[in-house]
Structure formats: C-alpha cells, structure tokens
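Some notes on the structure that comes next.
When a ligand or atom number is given, it counts from 1 through the structure's own listing order.
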Amino acid sequence: MKHKHLLTLDDYSRADIEELFKIATELKTNLRQGKDINTLYKKTLALIFEKPSARTRTSFEVGMVQLGGHSMFVQQSEIGMNNRESISDLSKNYSRFVDGVVIRAKKHSDIVEFAKNSSIPVINGLSDSHHPCQGLADIFTIVEKKKSLDLKVAYIGDYNNVSRSLANACHKMGIEFVISSPNKYLNFDSEGLSFCREEDPIAAVKDADVIYTDVWASMGQEDELEKRKKEFSKYAVNDRLIQSAKKDVLFMHCLPARRGEEVMDSVIDGSHSVVFDQAENRMHIQKAVLVKLMGN
Ligand code: CP
Ligand code: NVA
C-alpha cells in the first residue's frame with residue numbers, strides 16, 4: 001500500500017484494504033495477549049475536530065497510546081480553521097510539529113485542501129460526504145463475523161457520509177450493496193458505484209446478511225430533523241425488518257444512534273446487533289491505518 005493520506009476510500013484498492021485488515025487483526029490479537037507494540041514510539045498525532053465525537057476521537061487517542069505514541073485534541077473553536085487562519089497556513093504549521101493529523105470537518109473540501117498543503121499524513125475523521133475509517137471498520141467487522149465476502153448489505157436510511165463510505169468499501173470488496181430510502185433521497189449520483197436502489201425497505205432486506213442504518217439527519221442537518229423524521233418513518237429498523245432478512249442477519253450502526261427513530265431498542269439491543277464490536281473495531285482498523293501511514 002503506497003498512500004500518503006486517507007481522505008476517502010476512492011483510491012484504496014481491495015489489496016490495500018486487505019492489507020489494513022491483516023495488520024488490524026494482528027494488532028487486535030496482540031492487544032488481547034497484552035503484547036506491547038511500539039511502532040509509533042514518540043510520534044505525535046493531532047486531532048483537529050470541527051464537530052463533536054465520542055468514538056473517533058477516543059479510538060484514535062487510545063490507539064496512539066497503544067502504539068507508543070501521543071495525541072493531542074485540537075478544537076476548531078481554538079484554531080479557527082478558515083477564519084482565524086487559512087487552511088494552507090495551518091496545514092504547513094502542523095507539518096512542522098506533528099507526524100500525522102486526523103481532521104473531522106464540516107466541508108470535505110477543507111480536508112482535501114489541508115492534505116494538499118501537508119507534508120505529513122492526513123486522515124479524514126468524518127466529513128459531510130465521507131467517513132472512510134468507519135467504512136473500513138464496518139467491512140472489517142462484517143468479514144470477522146461472516147468470514148466471507150459473498151454477502152449482501154442492505155443499508156436502510158439516508159445516503160450520507162457513512163453510507164457513501166460503506167457503499168464504496170462494499171464495492172471494492174465485491175459485496176452486494178443495496179440502499180433503501182424515500183424516493184426523493186434516492187435521487188443521487190452514485191459516483192460510479194454499482195449498487196441497487198430499492199424504495200421499499202422490506203424488499204431491500206430480502207436475503208440480506210447485514211442490515212445497516214444511521215441517523216436520518218447528520219451533524220449540521222439538525223434543522224431538517226423534524227421534516228426527515230416524517231419522510232423516513234417507514235425506514236426505521238424494527239423487528240419486522242430484521243425478520244424479513246436472513247435468519248442470521250447482523251444489525252449494524254455507526255453510532256451515535258437516535259433510538260426510537262432510525263432503530264428500535266429491541267433491534268439495537270437484540271441478538272442480531274453487533275454495534276459495540278463494530279465500534280471497538282474502529283480502534284483496531286485505525287491503528288492499522290496509523291501504522292501504515294505514519295510508521296517508518
Ligand atoms: N461513528 C462515529 O464516528 O462516532 P463519533 O461521531 O462519536 O466519533
Ligand atoms: N452521519 C452521521 C455520522 C456520525 C458518526 C453524521 O454525520 O452526523
């Protein structure tokens with residue numbers, strides 16, 4: 001794998017993804033066995049966040065400690081990316097101080113701009129259009145659980161950053177991906193990805209190995225929530241939907257979930273749900289990304 005950054009999964013091949021999975025599996029096993037891995041000894045990672053986060057921030061920070069390195073959390077309110085200072089100036093400064101940067105930004109183009117001016121690796125920790133670390137963790141979890149790629153993933157809900165990266169990752173790995181949304185939300189450019197759109201959620205989950213959902217209104221779309229709650233109400237993942245898929249279907253969600261909206265408690269807390277294993281795997285796969293991009 002010869003990448004400088006991880007901005008989207010667009011330019012990551014199946015071989016690149018498989019290499020990351022192999023490293024993540026080793027790191028996960030080593031951690032379970034209590035073995036110390038100091039691949040990133042004394043390296044520093046800056047986490048520049050313009051939006052809130054529980055999993056992404058924590059998993060990267062803990063991951064850096066486990067690799068022998070250090071991280072620092074930098075909030076947009078402090079550095080004023082794009083208002084106190086230009087992105088290119090900030091990027092050139094961070095390139096002098098730290099060994100890698102994770103950015104969670106409102107605009108994907110800001111992350112691209114930061115990377116363009118950076119001499120160190122830049123990792124997208126979520127933007128309005130992509131969440132590549134999530135997409136990698138999702139497929140890693142699916143393969144870990146199902147031990148196969150001959151699978152169907154049914155995504156029920158909004159085509160957003162999470163579902164775009166998931167669709168991309170499925171496409172790369174040869175996994176069938178179907179998205180089910182209200183018709184008006186299915187009207188998007190699928191960016192060259194060959195996947196199926198199915199308005200009816202029951203039809204979409206037929207023979208599905210995985211049912212996946214995310215919030216109906218992402219961060220930054222809060223003012224649309226009430227409208228979306230009405231438009232998406234038929235797309236809530238409930239027991240009926242789970243029963244309409246394969247018997248051993250997995251339920252997945254990137255979290256945070258709005259329980260009672262896109263997913264019912266009985267599903268997210270039920271026997272098909274793997275959401276916490278999925279969340280844990282964020283850390284293992286991101287450690288693999290850090291080792292590949294920041295290791296010597
Ligand atoms: N799934 C995810 O990225 O969670 P956070 O927003 O809490 O980081
Ligand atoms: N689509 C959600 C994902 C959060 C991890 C959002 O952008 O808010």
For the 3.5 Å polar cut-off, considering only N or O atoms, please tell me whether [X] and ligand 2 meet it.
X	result
D214	yes
H131	no
M219	yes

| field | Where ligand 2 meets V162 - atom numbers and elements under 4.0 angstrom, heavy-atom basis | value | 3 (C)
| Which of the atoms in ligand 2, numbered in the order shown and given with their element, are less than 4.0 Å from a heavy-atom of N160? | 1 (N)
State plainly whether one hydrophobic cluster holds both [X] and [Y], where clusters connect Ile, Leu, Val, Met, Phe, Trp and Tyr through side-chain heavy atoms under 4.5 angstrom apart.
X	Y	result
V178	L186	no
L20	L27	yes
L255	L166	no

| said: By the definition salt bridge (Lys or Arg N to Asp or Glu O under 4.0 Å), identify the one residue from K145, K28, R282 that meets it with D277. | reply: K145
| request: Have a look at ligand 1 and work out which part of V162, if any, has a heavy atom under 4.0 Å from it: side chain, backbone, both or neither. | output: neither
| R282, portion touching ligand 1 at heavy-atom distance under 4.0 Å | side chain
| Given the side-chain rings of Y12 and H3, with only the six-membered ring counted for Trp, is the space between their centroids under 6.0 Å? | yes
| Where does the angle between the aromatic ring planes of W216 and F232 fall among parallel (under 30°), tilted (30 to 60°) and perpendicular (over 60°)? | parallel
Is any N or O atom of [X], backbone or side chain, closer than 3.5 Å to an N or O atom of ligand 1?
X	answer
L126	no
M219	no
R57	no
P256	no

| task | Taking the six-membered ring of F73 (Phe, Tyr or Trp), confirm whether the NZ or CZ of R57 is under 6.0 Å from its centre and within 45° of its axis. | result | yes
Test item: [X] and [Y] side chains (from C-beta on) under 4.5 Å apart, heavy atoms:
X	Y	result
E261	V215	no
I175	L149	yes
I103	L126	no

Proximal atoms of ligand 1 relative to [X] (non-hydrogen, under 4.0 Å):
X	result
Q134	1 (N), 2 (C), 3 (O)
H131	2 (C), 3 (O)
A54	5 (P), 7 (O), 8 (O)

| query | Should L255 be listed as contacting ligand 2, given a heavy-atom distance under 4.0 Å as the test? | reply | yes
| query | Using a heavy-atom cut-off of under 4.0 Å, does the side chain or the backbone of N161 touch ligand 2, or both, or neither? | reply | side chain
| For K51, is the nearest heavy atom under 4.0 Å from an atom of ligand 1? | no
| In terms of side-chain geometry, is the basic nitrogen of E18 or K22 positioned less than 4.0 Å from the acidic oxygen of its partner? | no
For [atom], the protein heavy atom that lies nearest, with its residue and separation:
atom	answer
atom 6 (O) of ligand 1	R104 NH1, 2.8 Å
atom 4 (C) of ligand 2	L126 CD1, 3.8 Å
atom 4 (O) of ligand 1	R55 NE, 2.9 Å

| query | Judged by atom type as modelled, is there a donor-acceptor pair below 3.5 Å linking the side chain of S71 to the main-chain atoms of L45? | reply | no
